[in-house]
Amino acid sequence: IFRWNHHRNALFFYDQFHPQRVLEIGCGRAYILRELKQLGCQVYCLESHGAADWILHNQEVQVVSLETAEQAWPFEPESFQLVVFWHVFEHLPDPIKALQQATQVLETDKVLCISVPNIASLQARLGRATWFHLDVPRHLFHFSKHGLVELLERHHYEIIKVTSGDAIQNLYGWCQS
């Protein structure tokens, strides 16, 4: 069922934005990228060393280790049409720096997707200290919908779409909280 969710998200990106080159930051097992590759995209990721090794041996994705890219991402400016942070932005020690680097590698007027748990959600408010997505210390930052939109607008992004909730993530969060 999780892979269906990745397939659905990849189809949305592909149908709405028609990217040729996609970069995902912290792609985990690269399921979204694999789906985008099957649709004809060139796919790349930045991932931690251990996960990068797994991806290289199990997926056909070009991988760069995050540890080797701490200062600057090793991609040419304006070389991607889509950059994705799918439940990874909150894990980064400097999300603003990552946002600036994403801006550099994105072509002008192309798409950035950030998906994060919403600290202001009903689930978070009811779960409080037991909220599954609090996930301290792995989540270094927590964002509300309003706060993330404000951050993106401050960095000159035009907001195309904001959604609350993903059926699978929400169900899992409710059960775990």
Side-chain angles (χ1 to χ4, degrees), residues 1-117 143 145 148-149 151-169:
I1 192 159
F2 282 113
R3 293 207 180 139
W4 171 84
N5 203 36
H6 298 305
H7 177 74
R8 182 191 59 149
N9 290 329
L11 280 176
F12 171 79
F13 295 142
Y14 188 78
D15 290 343
Q16 292 294 310
F17 308 115
H18 315 291
Q20 295 172 347
R21 290 172 47 99
V22 178
L23 173 62
E24 185 173 6
I25 311 306
C27 69
R29 295 188 175 241
Y31 293 133
I32 291 174
L33 292 180
R34 187 188 67 189
E35 295 288 339
L36 285 164
K37 184 175 181 131
Q38 289 176 356
L39 292 168
C41 300
Q42 292 178 8
V43 294
Y44 302 81
C45 74
L46 286 174
E47 185 51 272
S48 61
H49 184 69
D53 285 344
W54 185 91
I55 296 162
L56 285 170
H57 290 97
N58 294 282
Q59 302 282 359
E60 293 181 23
V61 173
Q62 296 184 29
V63 180
V64 175
S65 174
L66 271 172
E67 288 83 0
T68 63
E70 286 182 7
Q71 298 306 313
W73 293 355
F75 302 106
E76 294 294 319
E78 298 190 22
S79 56
F80 294 97
Q81 294 83 41
L82 172 63
V83 173
V84 177
F85 292 90
W86 197 265
H87 285 268
V88 73
F89 203 62
E90 66 274 16
H91 293 268
L92 300 175
D94 192 344
I96 292 175
K97 181 178 178 182
L99 181 59
Q100 291 166 340
Q101 290 177 319
T103 302
Q104 290 176 356
V105 301
L106 270 172
E107 289 181 3
T108 304
D109 296 328
K110 294 304 175 187
V111 179
L112 174 70
C113 170
I114 299 178
S115 179
V116 295
F143 299 91
K145 185 187 323 183
L148 186 57
V149 166
L151 175 65
L152 292 168
E153 288 177 340
R154 220 176 322 133
H155 284 86
H156 310 289
Y157 279 90
E158 176 187 344
I159 307 303
I160 297 171
K161 180 178 181 179
V162 176
T163 61
S164 291
D166 175 290
I168 293 170
Q169 291 283 347

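All heavy atoms count here, side chains included; hydrogens, waters and symmetry mates do not.
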A.B. asks: Would you say the side chain of Val43 lies within less than 4.5 Å of the side chain of Ile32, judging by non-hydrogen atoms?
C.D. replies: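 Answer no - side chains too far apart.
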A.B. asks: Quick one: side chains of residues 14-28, donor-acceptor pairs under 3.5 Å with protein atoms, not counting sequence neighbours, listed by atom name and distance.
C.D. replies:
{"residue": "Tyr14", "atom": "OH", "partner": "Leu39", "partner atom": "O", "Å": "3.3"}
{"residue": "His18", "atom": "ND1", "partner": "Tyr14", "partner atom": "O", "Å": "3.3"}
{"residue": "His18", "atom": "NE2", "partner": "Asp15", "partner atom": "O", "Å": "3.3"}
{"residue": "Arg21", "atom": "NE", "partner": "Ser79", "partner atom": "O", "Å": "2.7"}
{"residue": "Arg21", "atom": "NH1", "partner": "Gln42", "partner atom": "OE1", "Å": "3.2"}
{"residue": "Arg21", "atom": "NH1", "partner": "Tyr44", "partner atom": "OH", "Å": "2.9"}

A.B. asks: Of all the heavy-atom pairs spanning Glu90 and Ser115, show the shortest one and how long it is.
C.D. replies: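 That would be OE1-O, 4.0 Å.
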A.B. asks: Would you mind reporting whether Leu99 and Leu112 have side-chain heavy atoms less than 4.5 Å apart?
C.D. replies: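 They are in side-chain contact.
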A.B. asks: Please examine the side chains of Glu76 and Val105, heavy atoms only from C-beta on, and report whether any two atoms are closer than 4.5 Å.
C.D. replies: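 A side-chain contact is absent here, since even the closest heavy-atom pair is not under 4.5 Å.
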A.B. asks: Taking C-beta and beyond as the side chain, do Asp94 and Leu92 meet within less than 4.5 Å on heavy atoms?
C.D. replies: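 No, side chains not in contact.
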A.B. asks: Evaluate the side-chain contact (heavy atoms from CB on, under 4.5 Å) criterion for residues Phe13 and Cys113: first the C-alpha distance (whole Å), next the side-chain angles of each, then the deciding distance (0.1 Å), finally the verdict.
C.D. replies: CA-CA 9 Å; Phe13 295 142; Cys113 170; 3.6 Å; yes
A.B. asks: After noting the C-alpha distance and the side-chain angles of Leu46 and Phe75, does the key distance pass the side-chain contact (heavy atoms from CB on, under 4.5 Å) rule?
C.D. replies: CA-CA 11 Å; Leu46 286 174; Phe75 302 106; 4.0 Å; yes
A.B. asks: Is the closest side-chain heavy-atom distance between Val111 and Val83 below 4.5 Å?
C.D. replies: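 The answer is no; the side chains never approach within 4.5 Å.
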A.B. asks: Are His7 and Glu35 close enough that a side-chain donor and a side-chain acceptor fall under 3.5 Å?
C.D. replies: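 Distance-only check passes for His7 and Glu35.
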A.B. asks: So do the side chains of Tyr157 and Val149 get within less than 4.5 Å of each other, counting heavy atoms only?
C.D. replies: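 The answer is no; the side chains never approach within 4.5 Å.
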A.B. asks: Would you say that Pro95 contacts Ile114 through its side chain, given a criterion of any heavy-atom pair below 4.5 Å between the two side chains?
C.D. replies: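 The answer is no, as the side chains (C-beta and beyond) never meet within the 4.5 Å cut-off.
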A.B. asks: Going through the checks in order, is the side-chain contact (heavy atoms from CB on, under 4.5 Å) test met by His155 and Ile96?
C.D. replies: CA-CA 9 Å; His155 284 86; Ile96 292 175; 3.8 Å; yes
